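What follows is a single structure, written as structure tokens, with notes after it.
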Amino acid sequence: MTNRIKSAQNALLSWYKKSGRHDLPWRNTQDIYHVYLSEIMLQQTQVNRVLEEYYPQFLKRFPTLQTLAFASLDDVLASWSGLGYYSRARNLHKTAQLNPKGLPDELSALLKLPGIGKYTASAICSFGYNQNVPVVDTNIARVLQRVFAIQKRDEKILWQKAESLLNTKASRAHNLALMDLGSLVCLPQNPKCEFCPLNEMCQGKVNPEFYAKTKKTRYEAMELFYGVFIEDDRIALVNAQGNMYKGMLELPNIDPIEEWHIGNFKHSYTKYRLNVHLYALDEAPFNAVWVDIRAFDDAPISSLTKKAKKFFYKIS
Ligand code: SF4
């Protein structure tokens with residue numbers, strides 16, 4: 001190992017000691033299930049939302065992998081409601097059922113489990129099992145691209161570079177440090193290079209934006225038409241069609257009839273910007289699944305359907 005890499009590793013660790021996010025609960029646990037859960041929740045969801053709205057609540061309801069394995073999918077999806085990307089919850093549940101006594105500690109075995117890709121498997125090995133493996137998530141990828149002046153993002157090269165930079169004497173802290181550096185210092189726009197512990201070895205600092213161009217999210221507008229039928233404090237829902245909300249309940253999709261129109265509201269879901277139209281139905285759909293309005297929050301219902309219910313009561 002060159003002296004340049006050694007001194008970069010040391011600088012990174014000192015920076016992490018002073019400025020890293022040490023108070024995140026999943027960083028202060030030996031429980032592999034907790035580490036795994038946090039990694040799944042943090043995919044596509046921001047740290048603060050996970051921390052404040054989901055992680056502690058989910059663990060309270062399913063404190064171990066075993067309780068999760070024996071829970072019904074409906075209960076798991078109900079606890080996931082609002083987090084989006086529900087395939088994560090379905091895979092989490094499947095993985096728990098396959099390994100109720102604990103997750104394997106080998107990268108290759110983890111990679112065979114549903115919903116666990118290279119990043120998640122490495123994160124579990126590094127953060128959970130304290131193994132000497134590199135980790136590359138979006139934040140780390142950006143740091144590496146800039147440090148090694150990699151013009152075009154190439155996964156294979158990034159993992160090789162992560163390995164070459166890995167501090168094998170403190171790999172867990174090293175990986176966490178790189179992750180924090182990406183989210184606190186080496187920002188997509190206007191990175192704070194003057195405070196960066198990797199400044200000396202960074203080859204991309206002269207033009208950092210060039211090395212990790214951010215792709216603009218393309219949003220898709222969509223019109224949705226739902227029918228509402230409520231009787232005796234029960235609402236008629238149906239099993240969701242398609243993969244997006246698979247396993248969950250939603251309002252029935254209908255062909256719009258102008259006279260039945262109640263109103264519309266906006267909702268965002270992943271890359272979709274939805275305009276949701278509600279219509280009053282005069283009878284329940286033939287395949288209705290009846291849900292008591294008072295038990296709405298305990299059912300596997302998406303935040304879109306919860307919002308629709310709220311909207312319906314507000315305007316009717
Ligand atoms: S010097 Fe700047 S561009 Fe390079 S890793 Fe640090 S923050 Fe990122």
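Side chains are part of it too, since the values below use all heavy atoms of this structure and drop only hydrogens, waters and symmetry mates. Just follow the structure's listing: the first ligand is 1, and inside any ligand the first atom is 1. Quantities reported herein were computed from a predicted structural model and do not represent experimental measurements.
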Under 3.5 Å, is there a donor on one side chain and an acceptor on the other for [X] and [Y]?
| X | Y | answer |
| --- | --- | --- |
| Thr67 | Thr64 | yes |
| Gln9 | His174 | no |
| Ser171 | Asn132 | yes |
| Tyr119 | Glu39 | yes |

Under-2.8 Å protein N/O/S neighbours of atom 4 (Fe) of ligand 1, ordered by chain then residue number: Cys202 SG
Residues Arg294 and Asp292 bridged, charged N to O under 4.0 Å: yes
Check Glu194 with Lys192, please: is the shortest side-chain N to carboxylate O separation under 4.0 Å? no
